Amino acid sequence: MAEATTRTAYRTCPLCEAACGLQLTVRDERVVTVRGDRDHVFSHGFLCPKGATFGQLCDDPDRLRAPLVRRGDRHEEVGWDEAFQAVEAGLRPIIERYGADAVAFYLGNPNVHTMAGGLYLTPLLRAAGSRNIFSASTVDQMPKHVSCGYLYGSALAIPVPDVDRTDFLLMLGANPWESNGSLATAADFPGRLAAIQARGGRFVVVDPRRTRTAEHADEHLFIRPGTDAYLLFGIVHTLYEEGLVDLGELAGHVSGVAEVRELAQGFTPERVAAACAVPAERIRGLARELAAAPTAAVYGRIGTCTVEFGTLTSWLVDVVNVLTGNLDRPGGVMFPMAAHLRPRTGAGGKGFRAGRWHSRVRGLPEVKGELPVATLADEIETPGDGQVRAFVTVAGNPVLSTPNSARLDRALGGLDFMVSVDPYLNETTRHADVVLPPTDATRKGHYDFSFLALAVRNFAAYSPPVLPPGPAGLDECDILARLTLIVAGRGAGTDPAVLHEQLLGQALDRVAAAAGIEAAVLRPLVTGDHPAERLLDVALRTGAYGDQFGRRPDGLSLARLLASPHGVDLGPLQPRIPEVLQTPSGTVELAAPPIAADVERLRAALGRRPDDLVLVGRRHLRSNNSWMHNVPALVKGRDRCTLQVHPADATRLALADGADAEVRSRAGTVSARVEVTDRVMPGVVSLPHGWGHDLPGTRMPVAAAHPGVNSNVLTDEFAIDVLSGNSVLNGIPVEIKPA
Ligand SMILES: Nc1nc2c(c(=O)[nH]1)N[C@H]1C(S)=C(S)[C@@H](COP(=O)(O)OP(=O)(O)OC[C@H]3O[C@@H](n4cnc5c(=O)[nH]c(N)nc54)[C@H](O)[C@@H]3O)O[C@H]1N2
Ligand SMILES: Nc1nc2c(c(=O)[nH]1)N[C@H]1C(S)=C(S)[C@@H](COP(=O)(O)OP(=O)(O)OC[C@H]3O[C@@H](n4cnc5c(=O)[nH]c(N)nc54)[C@H](O)[C@@H]3O)O[C@H]1N2
Ligand code: SF4
Ligand SMILES: [Mo]
């Protein structure tokens, strides 16, 4: 009897960008064991400690299983219809009285890990019509979108390092040994790095901390936080000066090469060495090694984006790849081709534009349809026409994850109405009048709309729900559909199926128009048990490898992925230039005017005296931003939320290992436990983000018992990268004294 209820299921892990395949043992409708799926075409059995807790996370007794409505300072469980009526009663009058912009939205990181996020946010935001859209992108990767937007004409054309074939990898501000990689989906990133060495290649890490990745590298270079743009310009300068520029196959597809030479003037290795603290001879050496390697890739992540010159740094990463002929070639950096997308028919397009509107209070430019989250509190607090009065969060915890979060926390307390789509009552959602918890990940299907477009090898996988919908839960697609209908004024009682069919109809209209046939002919051919599955089926079948609704019978479809629980391998990355380029000229535009203009800001800062002491962040393998600290297995053991201080600084500042220190910045003050270690360079201290679970009114008791301190009390909402609006979260000037 017991045996009959035990079965094996396969599912893509939704907990980070690596997209590993999980093998789940399910007994009596619960996930009882999690293993890496050895037969998975991409992850080959890899599993990290977070993925191993997938079952515990889904079963967390503190996860909300029914909607909450706030009554006074308490949250009470209600039924779904009552919850949506409360949302309608809260939002509609504000929209009617003050207009669309009075409702702000914040979309957090897990949206890129759900199908609902990939399919239902765009309709929601379109229905809302608000200019006050914010997301975790402006505390993360927006500089990369902007630099790629200018270089390639599309903010989504992001090349990834071809780690499986490269001979030389230069990594800046990334720690995949802990993070498992970002903007480069590479399950078992550590194994893939080790394989570079095993085949005789090298990888070099540039980081103000000696990270686990740095420990495994062939070389680690400390760098002063926020100065990677100087290091990279020193490399670019050397490439020109020593005649090492060689575009290879790219010649004819790149414009602006002479302009970049001009822009690099003055950034000699000697001059930039003083700013970034990497010796001039090593900067020259890196340039020569990158140029001489049969293939090479430069890859930058969080430490290159969340800094003062984030867009320039992200741009320079690609400039070096272009100038050494490594863009779009095997072993260099390449553009993936995801199964749900179609290749374009030729080069050239409208190009990238930012600043179509500006934020009301600080006048910050829109980028990719959103405004910098660093100015969200301004928009809530500042009275006047267009003031934000209502707030919708979907999968976000900005009270812990965004700069000067104590100020945002206060601002949220002053809203007229707030609704959160979130499975936890946490530091942010405790402010919500209504909390709408989606079903857990075992009960939803999964396809990585975001990460299959960033994978270092082309593959596709779809996981159907492992368990049937729970008795109380509501699917996230249904939640977002009902919100959309409310915001659009179509009523809280409208069946979400109305919107599901409407979206499917629109998707079919688009593909039918492109193929010159009737959408009605295609509708009966679409398969799938769920609205998200049907939309995916259309995208897959008309995508790069699709069955074209039967015209290519061996092509991809939902049915084909359902029959392939370990995924379908689509081969190594292929060159995509010029097809991928959407710039007006149809070339890689190396020196777009907004970028060139920002170089002058960088040049002006070159002689600036560095701050005495700056704060950087760090990630730990057992953590995931702010939201997985309620899983006992992930928080057990010694306190990880420590302030790392170099021994020389500890002596100078009279800080003892294990004692508390008071850390003060322009934005705020926290008290943190000191860990004296030479893993940070002198002049740099490090505190992880996502902690600070000691605020009242939350329902995450395990996290509250391991609170840590919130590093974003210290980060400054006025420090942003001007081109992208991205917050500066690394290189924060601080003062420290014993507490
Ligand atoms: N100082 C500093 N700050 C940082 C960073 C840093 O390096 N340093 N990193 C930044 C980065 S890269 C990021 S991405 C942001 C993250 O910023 P956020 O996205 O704002 O924060 P998270 O901690 O990821 O919170 C995720 C929320 O989603 C909820 N959630 C989890 N799963 C689901 C789901 O399936 N559906 C829904 N609807 N909700 C779900 C969780 O309960 C939680 O409330 O933090 C940024 N903040
Ligand atoms: N375990 C775990 N995994 C995660 C997450 C997590 O919270 N925990 N978060 C996920 C998310 S949302 C993201 S975006 C990714 C991020 O993925 P990564 O970017 O790989 O993550 P980090 O570990 O923050 O690595 C950033 C590194 O930059 C360094 N750094 C700081 N300032 C500078 C600088 O100015 N220059 C240089 N060169 N380096 C600098 C830091 O010391 C740190 O080692 O990780 C994802 N995976
Ligand atoms: S590396 Fe990421 S995707 Fe893989 S098991 Fe760990 S959390 Fe899941
Ligand atoms: Mo992120």
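Ligands are counted one by one from 1 in listed order, and the atoms in each one are counted from 1 as well. Treat the numbers as computed from the prediction; the structure is a model and nothing was measured.
Inspection of the S135 and E370 side chains reveals an N or O donor paired with an N or O acceptor under 3.5 Å. Using modelled atom types and a 3.5 Å distance limit, the side chains of T313 and T304 yield no donor-acceptor pair. With 3.5 Å as the limit, one finds no donor-acceptor pair spanning the side chains of H706 and D639. Between S623 and H629, the side chains place a donor N or O and an acceptor N or O closer than 3.5 Å (distance only, hydrogens not considered).
Residue S711 touches ligand 1 through its side chain alone, judged by heavy-atom distances below 4.0 Å. At a 4.0 Å heavy-atom cut-off, ligand 3 touches A19 through the backbone alone. Neither the backbone nor the side chain of N111 has a heavy atom within less than 4.0 Å of ligand 1. Using a 4.0 Å cut-off between heavy atoms, H113 makes no contact with ligand 1 at all.
The line from CG of N426 to CH2 of W627 is 11.0 Å long, rounded to the nearest 0.5 Å.
From the protein, the heavy atom lying nearest to atom 30 (N) of ligand 1 is P423 CD, 3.6 Å. In terms of protein heavy atoms, atom 7 (O) of ligand 1 is closest to R619 NH1, 3.1 Å. Closest protein heavy atom to atom 19 (O) of ligand 1: N109 N, 2.6 Å. The closest protein non-hydrogen atom to atom 4 (Fe) of ligand 3 is C20 SG, 2.3 Å. Among protein heavy atoms, atom 47 (N) of ligand 1 sits closest to S401 O, 2.8 Å. If you check which protein heavy atom lies closest to atom 1 (N) of ligand 1, you get N712 OD1, 2.9 Å. Among protein heavy atoms, atom 2 (Fe) of ligand 3 sits closest to C16 SG, 2.3 Å. Scanning all protein heavy atoms for the shortest distance to atom 13 (C) of ligand 1 gives N625 ND2, 4.0 Å. For atom 8 (Fe) of ligand 3, the nearest non-hydrogen atom of the protein is C13 SG, 2.3 Å. The protein heavy-atom contact nearest to atom 23 (O) of ligand 1 is S626 OG, 2.5 Å. Given atom 7 (S) of ligand 3, the protein heavy atom at minimum distance is C48 SG, 3.5 Å. Atom 2 (C) of ligand 1 has H689 CB, 3.4 Å as its closest protein atom, hydrogens excluded (heavy atom only).
The closest approach between G617 and ligand 1 stays at or above 4.0 Å for every heavy atom of the residue.
When each atom of ligand 1 is checked for a heavy atom of I302 under 4.0 Å away, the hits are 12 (S). Set against the non-hydrogen atoms of P398, the atoms of ligand 1 under 4.0 Å away are 20 (O). Atoms of ligand 3 found under 4.0 Å from any heavy atom of N180 (numbered from 1 in listed order, with element): 1 (S). Per-residue contacts place L15 under 4.0 angstrom from the following atoms of ligand 3 (heavy atoms of the residue considered): 7 (S). Within ligand 1, the atoms closer than 4.0 Å to a non-hydrogen atom of T114 are 35 (O), numbered from 1 in the order shown. Those atoms of ligand 1 with a heavy atom of D140 less than 4.0 angstrom away are 12 (S), 14 (S). Near P438, the atoms of ligand 1 lying under 4.0 angstrom from a non-hydrogen atom of the residue are 36 (N), 37 (C), 38 (N).
Shown here for V487 and A128, the closest heavy-atom pair between the two residues is CG1-CA, 3.3 Å. In this structure, A186 and F42 approach most closely via the heavy-atom pair CA-CZ, 3.8 Å. Residues G697 and R430 approach most closely at O-CB, 3.5 Å, considering heavy atoms. The nearest pair of heavy atoms linking A461 to G567 is CB-CA, 4.0 Å. The two atoms that bring P14 and F54 nearest to each other are CD-CE1, 3.7 Å, heavy atoms only. When all heavy atoms of P336 and A453 are compared, the closest pair comes out as CG-O, 3.4 Å.
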Could you go step by step and tell me if R407 and D378 meet the salt bridge (Lys or Arg N to Asp or Glu O under 4.0 Å) rule?
CA-CA 9 Å; R407 178 180 168 203; D378 300 310; 2.7 Å; yes

Worked check of side-chain contact (heavy atoms from CB on, under 4.5 Å) between M628 and L57:
CA-CA 8 Å; M628 288 177 65; L57 182 69; 4.1 Å; yes

side-chain contact (heavy atoms from CB on, under 4.5 Å) assessment of N712 paired with L729:
CA-CA 8 Å; N712 281 317; L729 304 174; 3.8 Å; yes

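In this structure, of S182, A395, G108, the residue bringing a heavy atom nearest to atom 27 (C) of ligand 1 is A395. Across V421, V139, D422, heavy-atom proximity to atom 41 (C) of ligand 1 is greatest for D422. Of the listed residues (M700, K444, Q141), the one carrying the non-hydrogen atom nearest atom 35 (O) of ligand 1 is K444.
Where the criterion is an N or O separation shorter than 3.5 Å, residue side chain and backbone included, Y106 meets it with respect to ligand 1. Considering backbone and side-chain atoms together, Y424 places no N or O closer than 3.5 Å to any N or O of ligand 1. Residue N624 has no N or O atom closer than 3.5 Å to an N or O atom of ligand 1.
Inter-residue side-chain proximity for R443 and D475 is flagged as unmet; no heavy-atom pair is nearer than 4.5 Å.
Between H500 and Y120, the ring planes lie perpendicular to each other; the angle is over 60°, past the 30° to 60° tilted range.
Taking the six-membered ring for Trp and the full ring otherwise, F451 and H113 have centroids separated by under 6.0 Å.
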